[in-house]
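A note on names: the letters A, B, ... follow the listed sequences, proteins ahead of strands, and every chain is numbered from 1. All of these numbers come straight from a predicted model, not from anything done at the bench.
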Amino acid sequence: MSQETNDNLNEILQLRKDKLINLQNNNRDPFQITKYDVDNDSKNIELNFDELQEKQVSLAGRIMLKRGQGKVSFYDLQDNTGRIQLFLKKDSLGEDLYNEIKTLDIGDIVGVKGEVFKTKMGQISIRVQEIILLCKSLQILPEKFHGLKDPDLRYRQRYVDLIMDTKVREVFVTRSLIQKYIRTFLDDKGFLEVETPVLSTLAGGAAARPFATHHNALDIDMYLRIALELPLKRLIVGGFDKVYEMSRVFRNEGMDATHNPEFTMLETYEAYADYNDVMQMVEELLNFLVKKLFNSESVIYQEKEISLKPPYRKIKMVDLVTEITGVNFDNIRDLEEAYKQADILKLECNKKESIGEIINIAFEQYVEEKLIQPTFVTHHPVEISPLAKKDFSDPRYTERFELFINGAEYANAFSELNDPIDQKSRFAQQMEKKNNGDEEAHPYDKDFINALEVGMPPTGGLGVGIDRLIMLFTDQKSIRDVILFPTMKPEN
RNA sequence: GCUCCUUUAGCUCAGUUGGCUAGAGCACCUGACUCUUAAUCAGGGUGUCCUGAGUUCGAGUCUCAGAAGGAGCACCA
């Protein structure tokens, strides 16, 4: 798979190039061909063999395997739907054509016409009458048995990975299906899919470092969005009562098995609904997806069965911390006492945190990983929820939930803060953090305050990391295995 | 950003205590074969041993530095 640009090719590559030059010199350049009439595919022939037996079909695809090479040859053709065997017989094709067929290489793309039949061994095949080279492959595909294993090569040359591994292909087909079903689900509920800017001068809606870029004509710095939240809420202000966007966001952070710098986020906003309504919708959505995909109410992830049958467990964050650590921070209102308990629990904090932040640290350190079956963790401390409405029965907390499955966060939602005065003071708090060196503090968005002053109805909002959801449904351990072209460092 | 592991033919991999011309399978080339299934049989090795220094009579192997990838940690409310 080398990317040679000079003429110093190895023997095999040179041979293939010579074959191409030969064809071109004989006025038979495959690259001059613009189309081929295809009227069937391998899957359809397999499924409807009885009907198609002895019928003429026209197929196109890539040669993946060659067997025989005497006076009878068997080539495996791979198309968009699977593989089918080509039966090539010298007698019926004639010596010239048969010899020419022998010069075809694994990886070449051909168009084929012939009759459907079964070999003596019972293998569904095409008795080829016509075969035409549509594209000469000048590279060598990986080994037929082991395929492409090197993860570096798999991600950098995803096209080869997709050719060699049906399972990889299936993951991305499922990905597409999941996104389609999510749209179906939301559209049926009356949500409007919208598009909002990727480029803006302020990157808000989450706590993360943005990617910076520059607009030349305006001579201003701009940022790639880190969330969809603020523009979507402006649309709620504008009178669209149910909106969603499922699209790419960008965060300038480290990469690992669950983080890619660009990833797909779903955010929905529904006017006149609160976080309880959203919770119910999330249960419905996941159940809808698992039924559509597997006709089941559970999914197997890394050998663990995850039940997605509603209702899911609902519990306050502070109560979960009590349950796991034995320390009830809900009863602690004195900061010194909270620090004392934090020390006993060996929490990683620096004595600058508020009680709410300590609760969150305890949650992350002790609770998160234990939440295997779907769990709605609710009532996050107000300090870590700058865009969520307070719970007015206990304003230390917010009307918020996060859905945890398998120790990871799958959804984040809240009753949206629509009080412009409260929002202003939350932004002010974030500015203070920013001035103290927190690069991820939320920026002050003046126009968003203006929008809230115009008036946003009570609204329930939701964010879902789509890639992780796809990992769950396709049983993949790494986010790179559900993103076609994951971010990679250049190889020099 | 830190720690550990990996990097040898187009692909998947082996390579002993530092030793003489670096191996296997697939792929490829030559030949045989008119129903094969990772076809088979006979012959053929196509290489920047990730890169750069160093130790040594001698380095794929040892040391140091670097690159890319992987796992874990940190970061990511």
Side-chain angles (χ1 to χ4, degrees), chain A residues 1-4 8-16 18-19 64-76 83 85-93 98 103 105-107 117-125 127 137-157 160-161 164 206-209 226 251-261 263 317 348 353 356-357 359-361 363-364 368 377 380-388 398 400 402 408-409 412 414 430 433 438-442 463 465 477-478 480 486 488-492:
Chain A
M1 294 295 118
S2 65
Q3 308 286 330
E4 314 240 8
N8 192 17
L9 299 176
N10 87 29
E11 195 181 320
I12 308 172
L13 297 176
Q14 188 58 55
L15 245 146
R16 291 200 175 197
D18 290 345
K19 285 181 185 175
M64 295 302 292
L65 227 48
K66 296 168 69 173
R67 290 181 294 280
Q69 295 297 299
K71 293 188 178 64
V72 171
S73 299
F74 303 88
Y75 289 7
D76 281 359
R83 285 192 187 188
Q85 177 169 274
L86 304 181
F87 177 82
L88 303 146
K89 196 173 173 183
K90 192 173 184 176
D91 287 353
S92 43
L93 289 160
Y98 191 74
T103 69
D105 290 302
I106 289 176
F117 81 113
K118 264 187 192 167
T119 63
K120 284 176 187 166
M121 296 301 286
Q123 177 72 52
I124 294 174
S125 307
R127 191 184 294 118
S137 169
L138 298 178
Q139 286 288 352
I140 305 157
L141 288 176
E143 202 215 336
K144 58 188 173 189
F145 190 57
H146 295 94
L148 194 59
K149 283 280 171 301
D150 183 344
D152 191 40
L153 276 180
R154 285 189 47 226
Y155 301 140
R156 287 185 202 280
Q157 300 189 27
V160 177
D161 192 30
M164 297 309 297
R209 290 171 67 180
I226 55 173
R251 295 188 183 177
N252 209 337
E253 292 162 353
M255 299 155 62
D256 61 31
T258 56
H259 296 82
N260 196 65
F263 61 101
M317 180 185 267
E348 286 160 24
E353 292 87 354
E357 284 166 324
I359 293 171
N360 186 49
I361 292 167
F363 175 77
E364 286 176 354
E368 243 180 54
V377 178
H380 297 58
V382 66
E383 304 93 307
I384 61 161
S385 313
L387 299 163
T398 53
R400 176 178 177 189
E402 287 181 304
E409 180 200 329
N412 180 22
F414 30 88
Q430 292 291 317
K433 279 192 177 181
D438 184 350
E439 288 187 73
E440 289 171 356
H442 201 286
K477 284 199 287 281
S478 169
R480 289 184 289 274
M488 301 289 281
K489 274 197 204 177
E491 316 169 273
N492 300 330

Engineer: For atom C1', what is the distance between G15(B) and U21(B), given to the nearest Å?
Structural biologist: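 Result for the C1' pair: 15 Å, nearest Å.
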
Engineer: In whole angstrom, give me the gap between the C1' atoms of U6(B) and U46(B).
Structural biologist: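 Nearest-Å result for U6(B) against U46(B) at atom C1': 25 Å.
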
Engineer: For Gln157(A) and Asp161(A), does a side-chain donor sit closer than 3.5 Å to a side-chain acceptor?
Structural biologist: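 There is no such pair (donor and acceptor under 3.5 Å, judged by atom type) between the side chains of Gln157(A) and Asp161(A).
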
Engineer: Out of G69(B), C11(B), A77(B), which has the shortest distance to the side chain of Ile384(A)?
Structural biologist: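 For the Ile384(A) side chain, the nearest candidate turns out to be A77(B).
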
Engineer: Would His442(A) and Leu387(A) count as a side-chain contact (heavy atoms from CB on, under 4.5 Å) here? Give the steps.
Structural biologist: CA-CA 10 Å; His442(A) 201 286; Leu387(A) 299 163; 4.0 Å; yes

Engineer: Which atom pair, heavy atoms only, marks the closest approach of Leu148(A) to Val160(A)?
Structural biologist: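 Closest approach of Leu148(A) to Val160(A): CD2-CG1, 3.8 Å.
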
Engineer: Without decimals, in angstroms, what is the distance between Arg16(A) CZ and C28(B) P?
Structural biologist: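 Rounded to whole Å, this separation is 7 Å.
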
Engineer: How is Glu357(A) classified with respect to the nucleic acid when contacts are heavy atoms under 4.0 Å: base, sugar-phosphate, or nothing?
Structural biologist: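 Glu357(A): no heavy atom of the nucleic acid under 4.0 Å.
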
Engineer: What is the minimum heavy-atom distance between Met255(A) and Pro261(A), and which atoms define it?
Structural biologist: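 The answer is CG-CD, 3.6 Å.
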
Engineer: Which letter, B, S or -, goes with each nucleotide of nucleotides 35-46 of chain B from 5' to 3', with contact meaning a protein heavy atom under 4.0 Å?
Structural biologist: BBBBB------B

Engineer: For atom CZ of Arg83(A), is the number of surrounding heavy atoms from other residues, nucleotides or ligands below 6.0 Å larger than 12?
Structural biologist: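 Above 12, so yes.
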
Engineer: In whole Å, what is the span from the CZ atom of Arg154(A) to the P atom of G69(B)?
Structural biologist: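 Going from Arg154(A) (CZ) to G69(B) (P), I get 15 Å.
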
Engineer: Taking only the P atom of each, what is the distance from C20(B) to A27(B) in whole angstrom?
Structural biologist: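 Their P atoms lie roughly 30 Å apart.
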
Engineer: Tell me, please, which residues at least two apart from Ala208(A) pass side chain to side chain contact (heavy atoms under 4.5 Å, CB included).
Structural biologist: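 Result, side chain to side chain contact (heavy atoms under 4.5 Å, CB included) vs Ala208(A): Ile226(A), Arg251(A), Glu253(A).
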
Engineer: Take the protein atom CD1 of Ile106(A) and the nucleotide atom P of C29(B), then report the distance between them rounded to whole Å.
Structural biologist: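 Distance, rounded to whole Å: 10 Å.
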
Engineer: Quick one: pull up NZ in Lys89(A) and CZ in Arg127(A) and give me the separation to the nearest 0.5 Å.
Structural biologist: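 Reported to 0.5 Å precision, the distance equals 8.0 Å.
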
Engineer: By nearest atom, which of the nucleotides A77(B), C11(B), G69(B) is closest to the Leu153(A) side chain?
Structural biologist: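 In terms of side-chain proximity for Leu153(A), the closest of A77(B), C11(B), G69(B) is C11(B).
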
Engineer: Rounded off to whole Å, could you give me the CG-to-C1' distance for the Leu13(A) and C29(B) pair?
Structural biologist: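 Atom CG in Leu13(A) sits about 14 Å away from atom C1' in C29(B).
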
Engineer: Which whole number of Å gives the distance between the C1' atom of C11(B) and that of U16(B)?
Structural biologist: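 That atom pair is separated by 26 Å.
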
Engineer: If you measure from CD on Glu353(A) to CD1 on Ile384(A), what distance do you get to the nearest 0.5 Å?
Structural biologist: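 Output value for this atom pair is 12.0 Å.
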
Engineer: Can you name the residues that form a side chain to side chain contact (heavy atoms under 4.5 Å, CB included) with Glu402(A), not counting sequence neighbours?
Structural biologist: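 With sequence neighbours excluded, Glu402(A) shows a side chain to side chain contact (heavy atoms under 4.5 Å, CB included) to His380(A), Arg400(A), Phe404(A), Glu409(A), Asn412(A), given in chain and number order.
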
Engineer: If every non-hydrogen atom of Met64(A) is compared with every non-hydrogen atom of Ile106(A), which pair is closest and at what distance?
Structural biologist: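 In terms of heavy atoms, the two residues are closest at O-CG2, 3.7 Å.
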
Engineer: Using modelled atom types only, decide if a donor and an acceptor are shared between the side chain of Tyr98(A) and the backbone of Val72(A) within a distance under 3.5 Å.
Structural biologist: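 Yes.
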
Engineer: Under a cut-off of 3.5 Å for both distances of each Watson-Crick or G-U pair, what dot-bracket string does RNA chain B give, using [ ] for crossing pairs and | for inter-strand pairs?
Structural biologist: (((((((..((((.....[...))))((((((.......))))).)...(((((..]....))))))))))))....

Engineer: Given that Lys489(A) and Glu402(A) both sit by RNA chain B, which one's nearest nucleotide is further toward the 5' end?
Structural biologist: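 Closer to the 5' end of RNA chain B: Lys489(A).
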
Engineer: Please report the closest heavy-atom contact between Pro142(A) and Met164(A), naming both atoms and the distance.
Structural biologist: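 That would be O-CE, 3.6 Å.
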
Engineer: Tell me: CG of Leu141(A) to P of C11(B), nearest whole Å?
Structural biologist: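 Between P of C11(B) and CG of Leu141(A): 12 Å.
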
Engineer: Provide the distance between the two P atoms, one in C49(B) and one in C4(B), to the nearest whole Å.
Structural biologist: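 Roughly 27 Å separates the two P atoms.
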
Engineer: For Asn260(A) and G69(B), give me the distance from atom CG to atom P, rounded to whole Å.
Structural biologist: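 Interatomic distance, CG of Asn260(A) to P of G69(B): 12 Å.
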
Engineer: Base, sugar-phosphate alone, or nothing: which one does Lys19(A) contact when heavy atoms must sit under 4.0 Å apart?
Structural biologist: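 It contacts sugar-phosphate atoms only.
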
Engineer: Please name all residues satisfying side-chain hydrogen bond (donor to acceptor under 3.5 Å, both in side chains) with Asn252(A), sequence neighbours left out, ordered by chain then number.
Structural biologist: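 Partners of Asn252(A) by the side-chain hydrogen bond (donor to acceptor under 3.5 Å, both in side chains) criterion come out as none, since no residue qualifies.
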
Engineer: Provide the distance between the two P atoms, one in G45(B) and one in G25(B), to the nearest whole Å.
Structural biologist: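 12 Å, rounded to whole Å.
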
Engineer: Does G69(B) have its OP1 or OP2 closer than 4.0 Å to a side-chain nitrogen or oxygen of Arg156(A)?
Structural biologist: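 Yes, Arg156(A) has a side-chain N/O under 4.0 Å of OP1/OP2 on G69(B).
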
Engineer: Would you measure the distance from the C1' atom in U8(B) across to the matching atom in G23(B) and give it in whole Å?
Structural biologist: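 That atom pair is separated by 10 Å.
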
Engineer: If we take the P atom in both G10(B) and G47(B), what is their distance in whole Å?
Structural biologist: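 It works out to 7 Å between them.
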
Engineer: All N/O contacts under 3.5 Å from nucleotides 71-75 of chain B to the protein, with atom names and distances to one decimal?
Structural biologist:
{"unit_1": "A71(B)", "atom_1": "OP2", "unit_2": "Arg480(A)", "atom_2": "NH2", "d": "2.8"}

Engineer: For a quick check of understanding: with a heavy-atom distance under 4.0 Å over all strands, which category does Pro381(A) fall into, base, sugar-phosphate or nothing?
Structural biologist: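 Nothing, no nucleic acid heavy atom in range.
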
Engineer: Nearest-Å distance, CE (Met164(A)) to C1' (A27(B))?
Structural biologist: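 From Met164(A) CE to A27(B) C1': 10 Å.
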
Engineer: Contact class for Met488(A) (heavy atom, under 4.0 Å): base, sugar-phosphate, or nothing?
Structural biologist: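 Met488(A): backbone/sugar contact only, no base atoms under 4.0 Å.
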
